[in-house]
Novice: 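Sharing a structure here in structure tokens format.
Numbers here simply count residues along the sequence, with the first being 1.
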Amino acid sequence: MMTTDGQTPAKVAERLGDDEIHVWRLAYDHHRGREPLIRMLAAYLGQPVEAVQLEDSPHGRPALAGAHRDAFAFNWTHSHDEALIAIARGISPGVDLERMRPHPKALPIARRYFSPDETASLEALPVELRDRAFLELWTAKEAVLKALGRGLAFGLHRLSISGSSEWPVLGRLEGHEAGQWQLHRLALDGDHVGALAWQGEPRRVRLWTLAGAD
């Protein structure tokens, strides 16, 4: 594994600061399952892949287990042929990725599952901008829910995203203090939408791309 600028994940891992979140963009093949994730975690642990042990939470979020349980936290997501992996110390990041595609049912979905203010903002947009805006809201919500370790079962209507597409803000999170949360829009490309979320102070987000993931 090597980044597009010639560095290996192991070298990048050595520079993971306590005030940072590393996000990796890589090619994904569903036939390989969690193999790309395991390889990345092994690089950050400085261990062979056989030493990586994982366990799933009651809501399905994978986490490190065994001797490396407290080394760091991570989250991953994939859409079609790409994946994102977020790694950090001291917090539990949540990351989500969606590939751009037409969403003819964006408004009906929003009216059923989003908050009234989110739905109103989508309705006010020109039709040609609505699909991206819908996915920006969706990925931001999913990133928060993944950071919570809950997933969609928690309920998309129980949180609300405000702010701009470039600078999303968690305006409401039922049962939690929304002001303690950070949302970060990931700069990917015109064909993908990604978001990162975590509870805690602002951090520097560093995005790396593995060769062959363009």
Novice: Which atom names give the shortest non-hydrogen contact between Ala143 and Ala195, and what distance separates them?
Specialist: CB-O, 3.7 Å

Novice: So, using salt bridge (Lys or Arg N to Asp or Glu O under 4.0 Å) as the criterion, who are the partners of Arg172 when residues are at least two apart?
Specialist: none

Novice: If you measure from CZ on Arg39 to OH on Tyr44, what distance do you get to the nearest 0.5 Å?
Specialist: 14.5 Å

Novice: If you look only at pairs with a residue in residues 142-175, which of them pass as a ring pair (Phe, Tyr, Trp, His ring centres under 6.0 Å), with sequence neighbours excluded?
Specialist: none

Novice: Can you see which heavy atom on Ser165 is nearest to which on Glu136, and at what distance?
Specialist: CB-OE1, 2.9 Å

Novice: Starting from Leu196 and following side-chain heavy-atom contacts under 4.5 Å between hydrophobic residues (I, L, V, M, F, W, Y), which residues can be reached?
Specialist: Ile21, Val23, Leu84, Ile91, Val95, Leu97, Leu186, Leu188, Trp198, Val205, Leu207

Novice: In this structure, would Val169 and Leu137 fall into the same cluster of hydrophobic residues linked by side-chain contacts under 4.5 Å?
Specialist: no

Novice: Looking only at atom types and distance, does a side-chain atom of Lys141 sit under 3.5 Å from a main-chain N or O of Ile161, one as donor and one as acceptor?
Specialist: no

Novice: Checking side chain to side chain contact (heavy atoms under 4.5 Å, CB included) for the pair Leu54/Ile38: CA distance, chi angles, key distance, verdict?
Specialist: CA-CA 9 Å; Leu54 298 180; Ile38 299 296; 3.4 Å; yes

Novice: Where is the tightest heavy-atom contact between Ile85 and Pro36, given as atom of each residue plus distance?
Specialist: CD1-O, 4.2 Å

Novice: What distance separates Arg204 CZ from His184 NE2, expressed to the nearest 0.5 Å?
Specialist: 11.0 Å

Novice: Is there a donor-acceptor pair under 3.5 Å between the side chain of Arg25 and the backbone N or O of Leu210?
Specialist: no

Novice: Decide yes or no on side chain to side chain contact (heavy atoms under 4.5 Å, CB included) for Gln7 and Trp208, but give the supporting numbers first.
Specialist: CA-CA 10 Å; Gln7 299 188 71; Trp208 304 87; 3.7 Å; yes

Novice: Measure the shortest side-chain to side-chain distance between Val193 and Trp138 over non-hydrogen atoms and say whether it is less than 4.5 angstrom.
Specialist: no

Novice: Can you measure from CG (Asn75) to CG (Asp96) and round to the nearest 0.5 angstrom?
Specialist: 8.5 Å

Novice: At what distance, to the nearest 0.5 angstrom, does CD of Glu98 lie from CG of Asp191?
Specialist: 13.5 Å

Novice: When rounded to the nearest 0.5 angstrom, what is the spacing between CG in Leu173 and OG in Ser160?
Specialist: 10.5 Å

Novice: Go through it in stages, so that I can follow the logic: the residues are His68 and Gln53, the test is side chain to side chain contact (heavy atoms under 4.5 Å, CB included), and I'd like the CA-CA distance, side-chain angles, deciding distance and then a yes or no.
Specialist: CA-CA 8 Å; His68 305 294; Gln53 298 181 47; over 6 Å; no

Novice: Cluster question for you: counting only ILVMFWY and a side-chain heavy-atom cut-off of under 4.5 Å, with indirect links fine, are Met100 and Leu129 together?
Specialist: no

Novice: Supply the atom-to-atom distance Leu64 CG to Phe74 CZ, rounded to the nearest 0.5 angstrom.
Specialist: 5.0 Å

Novice: Short question: side chain of Arg130, backbone of Leu122 - any donor-acceptor pair under 3.5 Å?
Specialist: yes

Novice: Does the side chain of His192 come within less than 4.5 Å of His80's, by heavy atoms?
Specialist: no

Novice: List the atom of Ala147, the atom of Ser92, and the distance in Å for their closest heavy-atom pair.
Specialist: CB-O, 3.5 Å

Novice: For Arg89, look at atom CZ and say whether over 12 heavy atoms of other residues, nucleotides or ligands are found less than 6.0 Å away.
Specialist: yes

Novice: Could you walk me through whether Trp181 and Leu148 pass the side chain to side chain contact (heavy atoms under 4.5 Å, CB included) test, one step at a time?
Specialist: CA-CA 11 Å; Trp181 284 76; Leu148 273 176; 3.7 Å; yes

Novice: Tell me, please, which residues at least two apart from Arg111 pass side-chain hydrogen bond (donor to acceptor under 3.5 Å, both in side chains).
Specialist: Glu123

Novice: Hey, are His22 and Glu20 close enough side-chain-wise for a donor-acceptor pair under 3.5 Å?
Specialist: yes

Novice: Report yes or no: do Trp76 and Tyr28 form a side-chain donor-acceptor pair below 3.5 Å?
Specialist: no

Novice: For Asp81, enumerate each residue passing the side-chain hydrogen bond (donor to acceptor under 3.5 Å, both in side chains) test, keeping only those at least two apart in sequence or located in another chain.
Specialist: none

Novice: Which pairs, with at least one residue in residues 101-125 and sequence neighbours excluded, count as a ring pair (Phe, Tyr, Trp, His ring centres under 6.0 Å)?
Specialist: His103-Phe134, Phe114-Phe134

Novice: With a cut-off of 6.0 Å (strictly less than), are more than 12 heavy atoms of other residues, nucleotides or ligands near CD of Glu201?
Specialist: no

Novice: Is it true that a side-chain atom of Arg150 and a backbone atom of Leu145 form a donor plus acceptor pair closer than 3.5 Å?
Specialist: no

Novice: At their closest point, which heavy atom of Pro93 faces which heavy atom of Ala86, and how far apart are they?
Specialist: CG-O, 3.9 Å

Novice: State, to 0.1 Å, how close Ala197 and Leu183 come at their nearest heavy-atom pair, and which atoms those are.
Specialist: CB-CD2, 3.7 Å

Novice: Is the backbone N or O of Arg99 less than 3.5 Å from a side-chain atom of Arg101, with the two atoms forming a donor-acceptor pair by type?
Specialist: yes

Novice: So does Pro168 get a backbone contact from the side chain of Arg185, meaning a donor-acceptor N/O pair under 3.5 Å?
Specialist: no

